[in-house]
Structures are given as structure tokens and as C-alpha cells.
Amino acid sequence: MEDVTEAAVREKAREYLRVKGTLAPGAVVASRVGDAFSALERFLDAAPPQLVHRRAWEGEWTVQEIADHVLETHRPGLDELRCLLAGQRPPGEAIPAGLQSKAPQLRPWSWLVRELKEVHADILAELGSVKADFETNARAPLVMVANAMDARGERVALHWIEDLDWKAYAIVWRLHAIDHLHQARKVLGALSP
């Protein structure tokens, strides 16, 4: 990967977060995040339970593992959002990009979906409680993941840590939910006759 390409990908991501997060009104950020959460939750509600544990191809997560990952990253993200809204940097390192529970395939499906909805409702309640004139200089480290083409034209995932304000941090949930919704659709599509 050429440094120029990686730098361009990072700059494009930063500009998106600045425009769609940092500069956007908090209510707009909350609405966009809520729409993405709803779309993911509707898909998971409709997923055939007999297929959620099945692997579509080697190296790809199951729908169950995708839902587990979203829950396991959004739950500590809620704590980090609360820190930001209290004007503090969250303690510790950034949440790992590929975080999952210890046994993602063993969690009951209905429990997993219910827990995810509860965490999402809590996130949206926090975002909805922020006053329009709220300001803070607090930032949280977040592992950014963006796809790019390498010098051979192959798709690769870039990872880096970015310090984000509360609105940029929140808008990443929108991207995260949409990305994993697409992934889950692809997996389920490969499993469905």
C-alpha cells in the first residue's frame, strides 16, 4: 500500500466524520444513528434462526457472530460516550476492532438480539439527552477501519486510531451498523436457497 493512498483514505474518513459528525447538529447525528440501528435490528429480527449459526464460507463470520460483535463493541462504546458527555476522555485503550464475546455462537439468539436493542436504546437515549448547545473538548480514541485498494488493486482493510469528539464518535455507530448490516445480508444471502 502506498503511503499516499493510505493518507487519502484517512483524510476522506476524517472529512466524513467532521462533516457528518462534528459539524452536524446533535439531533441530526442521533437521528442518523437511530435509522441505522433500526435497519440492522429489523434485519436481525427477520433472520431465520436456523441460519444465524451457519457459516456461509470459510473465514467469514456467521450472522450470530456479527450480532455478537456489534453488541460487544456498542456496549463499551456507550460507556465511552457517557465519558465524553461528562467532558472526560474515556480511560484505557480504544475498543478493539474485531471484539467478540468469549463464546459468540453459544449465546441464545433471542437474548442476543434483545440485548443489542437495549444497548441501542440506551445509546439513543444518551444522544437524545444532549442539549443543543453542549460543547466539550473531550475526545475518545476509536479504532478506525476503512477499506482501500492496495498497489495490486486488491481490497485491504486499513486500521488506525483516531481521537474523536462525541458527535464524530457517535456517527461511527451509523457506519458500523450499516457495514455489518451489509455483511449480514451477504452472509444470509449466501445461505438462503
Side-chain angles (χ1 to χ4, degrees), residues 21 26-27 29-57 59-86 88-130 140-145 157 159 161 164 166-192:
V29 171
S31 176
R32 290 176 177 159
V33 171
D35 289 347
F37 284 176
S38 292
L40 176 60
E41 291 166 7
R42 282 192 306 273
F43 177 83
L44 296 177
D45 281 338
Q50 70 274 16
L51 296 180
V52 298
H53 295 293
R54 293 189 46 205
R55 196 165 310 285
W57 57 90
E60 181 63 50
W61 281 347
T62 65
V63 172
Q64 170 94 12
E65 290 168 325
I66 293 166
D68 176 85
H69 163 72
V70 173
L71 173 61
E72 291 302 309
T73 55
H74 289 191
R75 188 187 336 250
L78 173 58
D79 289 337
E80 292 192 348
L81 175 65
R82 287 178 174 141
C83 290
L84 289 172
L85 296 179
Q88 298 180 21
R89 182 180 182 85
E93 301 295 320
I95 299 166
L99 187 62
Q100 289 187 291
S101 69
K102 290 184 179 184
Q105 289 283 64
L106 299 180
R107 294 173 139 182
W109 177 247
S110 60
W111 175 89
L112 182 60
V113 173
R114 185 178 63 247
E115 284 290 305
L116 184 59
K117 288 178 180 181
E118 287 176 11
V119 168
H120 285 170
D122 289 345
I123 289 169
L124 294 174
E126 288 292 332
L127 292 174
S129 71
V130 180
L142 189 131
V143 176
M144 297 291 298
V145 179
H159 296 81
I161 295 179
L164 301 177
W166 73 273
K167 289 190 282 184
Y169 187 96
I171 206 69
V172 171
W173 277 319
R174 176 184 181 274
L175 300 174
H176 193 240
I178 290 170
D179 184 48
H180 287 298
L181 171 59
H182 292 316
Q183 180 188 20
R185 282 182 177 149
K186 187 175 173 183
V187 168
L188 203 55
L191 294 171
S192 300

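Val70 approaches Leu40 most closely through the heavy-atom pair CG1-CD2, 4.0 Å. In this structure, Thr73 and Ile95 approach most closely via the heavy-atom pair O-CD1, 3.8 Å. Residues Leu181 and Ala39 share a closest heavy-atom pair of CD2-CB, 3.9 Å. The two residues Ala170 and Val29 make their nearest non-hydrogen contact at CB-CG1, 3.8 Å. The minimum heavy-atom distance between Ala190 and Trp57, with the atom names listed, is CB-CZ3, 3.6 Å.
Taking Ala168 as the reference, Leu17, Thr22, Leu164, Asp165 meet the side-chain contact (heavy atoms from CB on, under 4.5 Å) condition, with sequence neighbours excluded. Contacts of Pro108 classified as side-chain contact (heavy atoms from CB on, under 4.5 Å), with partners at least two apart in sequence or in another chain: Trp111. Taking the salt bridge (Lys or Arg N to Asp or Glu O under 4.0 Å) definition, one finds that Asp122 meets it with nothing, sequence neighbours left out. The salt bridge (Lys or Arg N to Asp or Glu O under 4.0 Å) check on Glu80 picks up nothing, with sequence neighbours excluded. By the side chain to side chain donor-acceptor pair (under 3.5 Å) test, Arg82 pairs with Glu126, sequence neighbours left out. Glu118 meets the side chain to side chain donor-acceptor pair (under 3.5 Å) test with no other residue; sequence neighbours excluded. For Ala157, the side-chain contact (heavy atoms from CB on, under 4.5 Å) test picks out Val145, Asn147, His159, with sequence neighbours left out. Every side-chain contact (heavy atoms from CB on, under 4.5 Å) that Ala47 has, sequence neighbours left out, goes to Val52, Trp109, Leu188.
Here salt bridge (charged side-chain N to carboxylate O under 4.0 Å, His left out) pairs that include residues 34-53, with residues two or more places apart or in two chains, are Asp45-Lys117. For the salt bridge (charged side-chain N to carboxylate O under 4.0 Å, His left out) condition, no pair includes a residue of residues 171-186, sequence neighbours left out.
Under the 30°/60° scheme for interplanar angles, the aromatic rings of Trp61 and His180 are found to lie parallel.
Taking NE2 of His176 as the start and CD1 of Ile178 as the end, the distance is 12.0 Å to the nearest 0.5 Å. Rounding to the nearest 0.5 Å places CD of Glu72 at 4.5 Å from CZ of Arg107. Annotation: the span from His74 atom NE2 to Glu115 atom CD amounts to 14.5 Å, rounded to 0.5 Å. Distance NE2/His120 to CG/Leu78: 10.0 Å, rounded to 0.5 Å. Residue Leu142 holds its CG atom at 9.5 Å from CH2 of Trp173, rounded to the nearest 0.5 Å.
A donor-acceptor pair under 3.5 Å is formed between the side chain of Gln105 and the backbone N or O of His53. Arg55 places a side-chain N or O within 3.5 Å of a backbone atom of Glu60 that can act as its donor or acceptor partner. Checked by atom type and distance alone, the side chain of Ser31 never pairs as donor or acceptor with a backbone atom of Ala27 at under 3.5 Å.
Residues Pro91 and Cys83 have side chains in contact (heavy-atom distance under 4.5 Å, counting atoms from C-beta outward). Annotation: side chain of Lys167 is not in contact with side chain of Val130 (no heavy-atom distance under 4.5 Å). For the pair Leu127 and Leu85, the minimum side-chain heavy-atom distance is 4.5 Å or more. Contact of the Ser192 side chain with the Leu51 side chain is registered, since non-hydrogen atoms from C-beta on lie closer than 4.5 Å. At least one side-chain heavy atom of Arg89 sits less than 4.5 Å from a side-chain heavy atom of Pro141.
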Show me the donor-acceptor pairs, under 3.5 Å and distance only, between side chains in residues 96-103 and residues at least two apart or in other chains.
{"residue": "Gln100", "atom": "NE2", "partner": "Glu65", "partner atom": "O", "Å": "3.3"}
{"residue": "Ser101", "atom": "OG", "partner": "Asp68", "partner atom": "OD1", "Å": "2.6"}
{"residue": "Ser101", "atom": "OG", "partner": "Asp68", "partner atom": "OD2", "Å": "3.4"}

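Atom CD of Gln50 has more than 12 neighbouring heavy atoms from other residues, nucleotides or ligands inside a 6.0 Å radius.
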